Amino acid sequence: MKRYRIDMARYAVLTIASLIMAVDYRTFVDWGGLYPGGAAGLALLVQRYSQVVCNFVGWNVTVPFGPINLILNAIPVWIGFKYIGKRFTIQSLYVIFLSGFLTDLVPVEYIQSFISEADLLSLKTDPFLTSLFGGIIFGFAISLCLRCNATSGGLDFIAIYLSEKKGRETWNIVLAFNAAILILGGFRFGWTGALYSIVYQFVYLQVIHLMYRTYQYQTLTIVTTRPEKVCEAIYRISHHGATVMDGRGAYKGEPKGVVMSVVAADDTPHIYALCKSIDPDAFINTVSTSRVIGRFYLRPRD
């Protein structure tokens, strides 16, 4: 029953995240002629190209976003099933399908009715505001998905696979892959949208960096009189080991234990609290770690 409730709560959050993404696509992304990047950005590019062709030949049809997005996510989804995990991939497929479905159904006029005419005009005519707010909203939605063990698909699958394979953050690599989409969009639809898409993508990557910290590592150096208990606390929370060195306080000359461990950044607040409960006088120094080489535990996704 507990597992069922957790899954229901997770899918509820994923539904909200999918709706936020759909609203972002139909408002800020459309207003600024932006490209989110990844499979979704490529799907929007294909959709816009196809719509231009349909209008040119006189076909009175609206090209849908959802089916194009599903097709372009086929290979990334296969990578997810094969290398990342079935549960993670199924939940991501839910986001891919629902966000695409909602993008084609979102009533833009209804959403615009909640914004004053002056603010709406400002958003539609100021690409910097559009890219800034759109990037924040999109990054928030993606972070919700990642925290619920899912993703919006596309390059996210590849980035997570490389993160687990290489043991380092790869979100900036995604930015490099997206450059090709921006160039294609710039040639056909103008360079203003392509330029501000860089701002949009940079902003949403920074939001992800702040909200999702699984692949950010920190080195803890803890000076304590109870090193064994501190090591147990670190392992209990993060499943990581530690190295204990003998030390001596320079002022009083008292013997100390120096515990060093590398942990995921999202585990550090819990480790701080538990270490302080074990030894209120413990001294903890935290240093950001850019890369870890060697055996480093990552929580399984399934």
Side-chain angles (χ1 to χ4, degrees), residues 13-49 51-52 62-66 68-69 72 95-96 98-146 151-156 171 174-175 178-179 181-186 188-212:
V13 174
L14 293 178
T15 301
I16 294 171
S18 299
L19 178 60
I20 293 172
M21 279 188 277
V23 172
D24 191 55
Y25 291 155
R26 292 301 307 276
T27 55
F28 294 103
V29 171
D30 278 350
W31 293 341
L34 306 174
Y35 304 98
L42 186 57
L44 283 170
L45 186 63
V46 172
Q47 181 195 30
R48 290 170 184 172
Y49 266 106
Q51 192 65 60
V52 169
T62 300
V63 179
F65 168 80
I68 299 172
N69 193 40
L72 293 178
V95 174
I96 294 167
L98 187 60
S99 61
F101 177 76
L102 291 174
T103 299
D104 292 325
L105 293 181
V106 165
V108 182
E109 295 78 10
Y110 179 74
I111 296 172
Q112 292 180 165
S113 66
F114 290 95
I115 306 173
S116 67
E117 291 186 8
D119 289 338
L120 187 61
L121 180 63
S122 178
L123 287 171
K124 287 187 175 183
T125 56
D126 190 333
F128 181 75
L129 280 180
T130 302
S131 58
L132 185 62
F133 284 110
I136 292 172
I137 293 171
F138 189 72
F140 174 73
I142 295 294
S143 298
L144 288 180
C145 293
L146 292 171
T151 181
S152 62
L155 290 178
D156 292 350
W171 297 112
V174 174
L175 193 61
N178 290 336
I181 297 174
L182 300 182
I183 292 171
L184 290 172
R188 178 60 186 85
F189 298 104
W191 294 104
T192 299
L195 173 64
Y196 284 102
S197 292
I198 297 175
V199 177
Y200 175 90
Q201 292 177 19
F202 177 80
V203 170
Y204 85 67
L205 287 172
Q206 296 310 304
V207 173
I208 293 172
H209 184 81
L210 288 173
M211 294 186 62
Y212 184 69

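On a predicted model such as this, the values are computed, not experimentally measured, just so you know. Side-chain atoms are counted along with the backbone in the values below, which use heavy atoms only and exclude waters and symmetry mates.
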Peer 1: More than 12 non-hydrogen atoms from neighbouring residues, nucleotides or ligands closer than 6.0 Å to OH on Tyr49, yes or no?
Peer 2: yes
Peer 1: What residues form a side-chain hydrogen bond (donor to acceptor under 3.5 Å, both in side chains) with Thr62, not counting sequence neighbours?
Peer 2: none
Peer 1: Could you tell me whether the side chain of Phe28 reaches within less than 4.5 Å of the side chain of Leu129, counting heavy atoms only?
Peer 2: no
Peer 1: Could I get the full list of side-chain hydrogen bond (donor to acceptor under 3.5 Å, both in side chains) partners for Ser18, not counting sequence neighbours?
Peer 2: none
Peer 1: Holding to side-chain contact (heavy atoms from CB on, under 4.5 Å), I want the full list of residues that pass it with Leu121, two or more places apart in sequence or in another chain.
Peer 2: Thr125
Peer 1: Take Ile136 and Tyr204 through the side chain to side chain contact (heavy atoms under 4.5 Å, CB included) test and state the conclusion after the steps.
Peer 2: CA-CA 5 Å; Ile136 292 172; Tyr204 85 67; over 6 Å; no
Peer 1: Which heavy-atom pair separates Ile208 from Ser143 by the least distance, and what is that distance?
Peer 2: CA-OG, 3.5 Å
Peer 1: Who passes side-chain contact (heavy atoms from CB on, under 4.5 Å) against Phe114, sequence neighbours left out?
Peer 2: Tyr110
Peer 1: Taking only residues two or more places apart in sequence or in another chain, which ones pass ring pair (Phe, Tyr, Trp, His ring centres under 6.0 Å) with Phe128?
Peer 2: none
Peer 1: At their closest point, which heavy atom of Pro36 faces which heavy atom of Gly41, and how far apart are they?
Peer 2: CD-CA, 3.7 Å
Peer 1: With rounding to the nearest 0.5 Å, note down the distance linking OG in Ser197 to CG in Leu45.
Peer 2: 10.0 Å
Peer 1: Quick one: side-chain contact (heavy atoms from CB on, under 4.5 Å) partners of Leu19, sequence neighbours excluded?
Peer 2: Val23, Leu102
Peer 1: Could you report the tightest heavy-atom contact between Cys145 and Val95, atom names first, then the distance?
Peer 2: SG-CG1, 4.0 Å
Peer 1: Only counting residues at least two apart or in another chain, list the ones meeting side-chain hydrogen bond (donor to acceptor under 3.5 Å, both in side chains) with Thr15.
Peer 2: Tyr94
Peer 1: What do the steps show when you test Glu117 against Gln112 for side chain to side chain contact (heavy atoms under 4.5 Å, CB included), and what is the final call?
Peer 2: CA-CA 9 Å; Glu117 291 186 8; Gln112 292 180 165; over 6 Å; no
Peer 1: Test: salt bridge (Lys or Arg N to Asp or Glu O under 4.0 Å). Region: residues 17-35. Which pairs qualify, not counting sequence neighbours?
Peer 2: Arg26-Asp30, Asp30-Arg48
Peer 1: Please check this pair: side chain of Ser99 against backbone of Ala22, looking for a donor-acceptor N/O pair closer than 3.5 Å.
Peer 2: no
Peer 1: Quick one: does Ile142's side chain get under 4.5 Å of Met21's, heavy atoms only?
Peer 2: yes
Peer 1: Leu120 vs Trp31, test: side chain to side chain contact (heavy atoms under 4.5 Å, CB included). Steps then yes/no.
Peer 2: CA-CA 10 Å; Leu120 187 61; Trp31 293 341; 3.6 Å; yes
Peer 1: Exactly one of Leu44, Val46, Leu42, Ile96 should register a side chain to side chain contact (heavy atoms under 4.5 Å, CB included) with Asn69. Which one does?
Peer 2: Ile96
Peer 1: To the closest 0.5 Å, what do you measure between OH (Tyr200) and OG (Ser131)?
Peer 2: 10.0 Å
Peer 1: As an exercise, state the distance from CG of Leu34 to OH of Tyr196, rounded to the nearest 0.5 Å.
Peer 2: 10.5 Å
Peer 1: Mind checking whether Ile68 and Val63 have side chains closer than 4.5 Å, heavy atoms only?
Peer 2: yes
Peer 1: Restricting to ring pair (Phe, Tyr, Trp, His ring centres under 6.0 Å), what partner residues turn up for Phe65, sequence neighbours left out?
Peer 2: Tyr25
Peer 1: Under the side-chain contact (heavy atoms from CB on, under 4.5 Å) rule, collect the residues that match up with Ile183, sequence neighbours excluded.
Peer 2: Phe187, Trp191
Peer 1: Name all residues meeting the ring pair (Phe, Tyr, Trp, His ring centres under 6.0 Å) criterion together with Tyr35; count only those two or more places apart in sequence or in a different chain, and write none if there are none.
Peer 2: none
Peer 1: Roughly how far, to the nearest 0.5 Å, is CG of Leu144 from CG of Leu14?
Peer 2: 8.5 Å
Peer 1: Sequence neighbours excluded, which residues qualify as side-chain hydrogen bond (donor to acceptor under 3.5 Å, both in side chains) partners of Asp119?
Peer 2: Ser116
